[in-house]
Amino acid sequence: MERILAGIVIVPGVVALLLFLVFTYLYQQSRQAYFRAWQIGWGAYCAYYSLVTIDYIAARPSAVVYLVSDLLLVGMAMAILISTRLMEEKFRLQRSDYALAAGLVGLATWGLLARYSHGTFRLDLEPHAHLRLEVGIAAVLLFCAVRFYRYARPRDSLGYRLLSLSLILWAVLLSFRQFHYRFEDLFGRFGHFLGPVPQMLLGIGMLMVLFENERHAVQENALAFSTLEVDTSTLLSPEELRPGMEKILNRLARLLPAAQACLLMNERWRAVLPSAQCGFGDVFLPQLEELRASEYLSELAYRGGGVATLHNLPLGTEPVTPATGAQLSQLQDALLKEGIRNLTALNLQTRENNFGVIVVPHAAKRLCSSSQTRLLL
């Protein structure tokens with residue numbers, strides 16, 4: 001009994017828990033929706049193994065626990081399927097999703113009824129004349145593998161190719177459960193221990209995807225930020241440069257993502273480079289310039305290694321610098337009028353000059369993860 005429990009539940013269950021922690025970390029670092037889908041899917045997968053353990057340990061297996069565990073397996077498969085669409089579009093349930101989920105729930109119910117013998121639910125009963133839920137899950141995984149592979153080809157992504165290979169291997173192992181009574185001599189002892197192998201490959205693949213996405217983001221945005229897309233053959237005024245500065249600021253806000261942002265130039269550079277904003281009213285930016293907010297915030301960001309975050313502005317917890325002066329309370333009032341309770345300031349500086357600061361308000365305590373902060377810096 002202990003060997004069966006270790007092979008079926010403990011080893012793959014521990015691997016599933018570790019992978020859930022990996023996906024949680026990846027989502028915290030990237031805040032990408034498809035990582036959230038994988039996190040939810042593996043949360044359901046961990047709960048599935050918990051219920052399977054309860055059913056194996058219980059003196060009398062429960063049909064309800066068995067059905068709920070299968071439904072959690074359905075939820076895991078649907079989360080992976082939805083993640084393949086979240087890579088390119090926003091979350092939106094389609095009719096095919098409802099139809100597929102209903103079909104998988106039907107297989108789960110069929111499997112439950114097939115384990116009844118003379119009105120008694122028997123977990124040790126192995127019916128051969130029905131289609132197991134694992135076959136339906138395997139079909140979904142194969143479909144997801146094809147979508148990951150098609151997504152990887154134009155991008156030459158090794159991470160997505162590894163995800164595709166892992167799902168194919170997992171689908172093959174799940175399919176063998178339909179005919180395991182015929183292949184028991186070959187897979188009876190090692191079939192369940194092979195289950196964690198695709199999971200470990202999936203974890204490695206997702207880490208590679210995160211690394212590749214960050215590399216592509218650095219390349220694409222470095223190229224976009226390298227030019228204002230203006231005619232450099234003539235001397236331009238700050239007003240003529242403003243559209244280019246606003247375009248760069250909008251791209252940066254989408255990268256975070258953030259609904260509001262402003263670029264404040266220090267006073268000595270405003271005759272050459274203009275300030276810019278997105279998502280604020282017309283009077284907000286001139287008011288910040290009048291209050292010398294750029295000098296105060298850039299000083300804080302410089303002390304913080306290039307980035308500073310202010311929390312709970314209504315409580316007056318912002319730090320004080322020698323250059324703060326009497327305008328600090330006025331600056332706080334101006335920010336609170338815009339509904340800003342927390343903000344992050346990114347310093348714009350070279351070794352010789354400090355040009356200003358980018359200010360991004362946010363509702364949460366932190367604007368972004370440590371990985372995104374490194375990308376911004």
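The chain is numbered in sequence order, starting from 1.
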Is it the case that the side chain of [X] and the backbone of [Y] share a donor-acceptor pair, with hydrogens and angles ignored and the cut-off at 3.5 Å?
| X | Y | result |
| --- | --- | --- |
| Q287 | F284 | no |
| Q260 | H362 | no |
| E134 | L174 | no |

Co-membership, hydrophobic cluster, residues [X] and [Y], 4.5 Å side-chain:
| X | Y | result |
| --- | --- | --- |
| V22 | I40 | no |
| V283 | V359 | no |
| V135 | L113 | no |
| L100 | L167 | yes |
| Y49 | I80 | yes |

Sub-4.5 Å side-chain heavy-atom contact between [X] and [Y]:
| X | Y | answer |
| --- | --- | --- |
| V360 | L343 | no |
| R161 | D156 | yes |
| T344 | V307 | yes |
| L288 | C262 | yes |
| S83 | F148 | yes |
| V15 | M200 | yes |
| L210 | M206 | no |

Minimum heavy-atom separation for [X] to [Y], with atom names?
| X | Y | answer |
| --- | --- | --- |
| A152 | Y160 | CB-CB, 3.5 Å |
| G43 | F20 | N-CD1, 3.5 Å |
| A345 | V357 | CB-CG2, 3.5 Å |
| A33 | L86 | O-CD1, 3.6 Å |
| M245 | M265 | CE-SD, 4.4 Å |
| D97 | M78 | O-CE, 3.6 Å |

For the [atom1] atom of [X] and the [atom2] atom of [Y], what is their distance to the nearest 0.5 Å?
| X | Y | atom1 | atom2 | value |
| --- | --- | --- | --- | --- |
| L297 | I358 | CG | CD1 | 12.0 Å |
| L202 | L162 | CG | CG | 7.5 Å |
| W38 | I82 | CH2 | CD1 | 12.5 Å |
| R292 | Y296 | CZ | OH | 14.0 Å |
| L104 | M76 | CG | CE | 10.0 Å |
| F35 | M87 | CZ | CE | 10.5 Å |

Over 60° means perpendicular and under 30° means parallel, so tell me whether W42 and F23 are parallel, tilted or perpendicular.
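If you compare the ring of W42 with that of F23, the planes turn out perpendicular.
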Is it true that atom [atom1] of [X] has more than 12 heavy atoms of other residues, nucleotides or ligands lying nearer than 6.0 Å?
| X | atom1 | value |
| --- | --- | --- |
| Y151 | OH | yes |
| F143 | CZ | no |
| R251 | CZ | yes |
| F355 | CZ | yes |

**Report entry** Near-ring test Y45/W170, centroid separation under 6.0 angstrom
**Finding:**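 Between W170 and Y45, the centre distance is under 6.0 Å.
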Could you check E289 against S275 for side-chain hydrogen bond (donor to acceptor under 3.5 Å, both in side chains), going step by step and ending with a plain yes or no?
CA-CA 9 Å; E289 291 180 338; S275 299; 2.7 Å; yes
Under a 4.0 Å N-O cut-off, is there an ion pair linking R303 with E299?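 Yes, charged N to carboxylate O under 4.0 Å.
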*Salt-bridge present (R215, E212; N to O < 4.0 Å)*: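 Answer for the salt bridge query: no.
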- Check against side-chain contact (heavy atoms from CB on, under 4.5 Å), Q277 and L263: CA-CA 6 Å; Q277 68 176 11; L263 190 157; over 6 Å; no
Show your reasoning for whether side-chain contact (heavy atoms from CB on, under 4.5 Å) applies to R132 and W110. CA-CA 8 Å; R132 292 182 63 113; W110 190 8; over 6 Å; no
Open item on the list: Given the ring of Y34, does R36 sit roughly above its face, with NZ or CZ under 6.0 Å from the centre of the six-membered ring and within 45° of the axis?
Closed with: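 Not flagged: R36 not positioned over aromatic ring of Y34.
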Original post:
Do S298 and N347 meet the criterion of a side-chain donor-acceptor pair at a distance under 3.5 Å?
Top reply: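 No, N347 and S298 have no side-chain donor paired with an acceptor closer than 3.5 Å.
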Quiz: residues 67-75 side-chain donor-acceptor pairs under 3.5 angstrom, not counting sequence neighbours:
| unit_1 | atom_1 | unit_2 | atom_2 | d |
| --- | --- | --- | --- | --- |
| S69 | OG | V65 | O | 3.3 |
| S69 | OG | Y66 | O | 2.6 |

*Yes or no on side-chain contact (heavy atoms from CB on, under 4.5 Å) for R147 and C144, after CA distance, side-chain angles and deciding distance?*
CA-CA 5 Å; R147 298 201 66 172; C144 296; 5.6 Å; no
- request: Test side-chain contact (heavy atoms from CB on, under 4.5 Å) on L310 and N342 and set out the steps.
  value: CA-CA 6 Å; L310 304 184; N342 308 291; over 6 Å; no
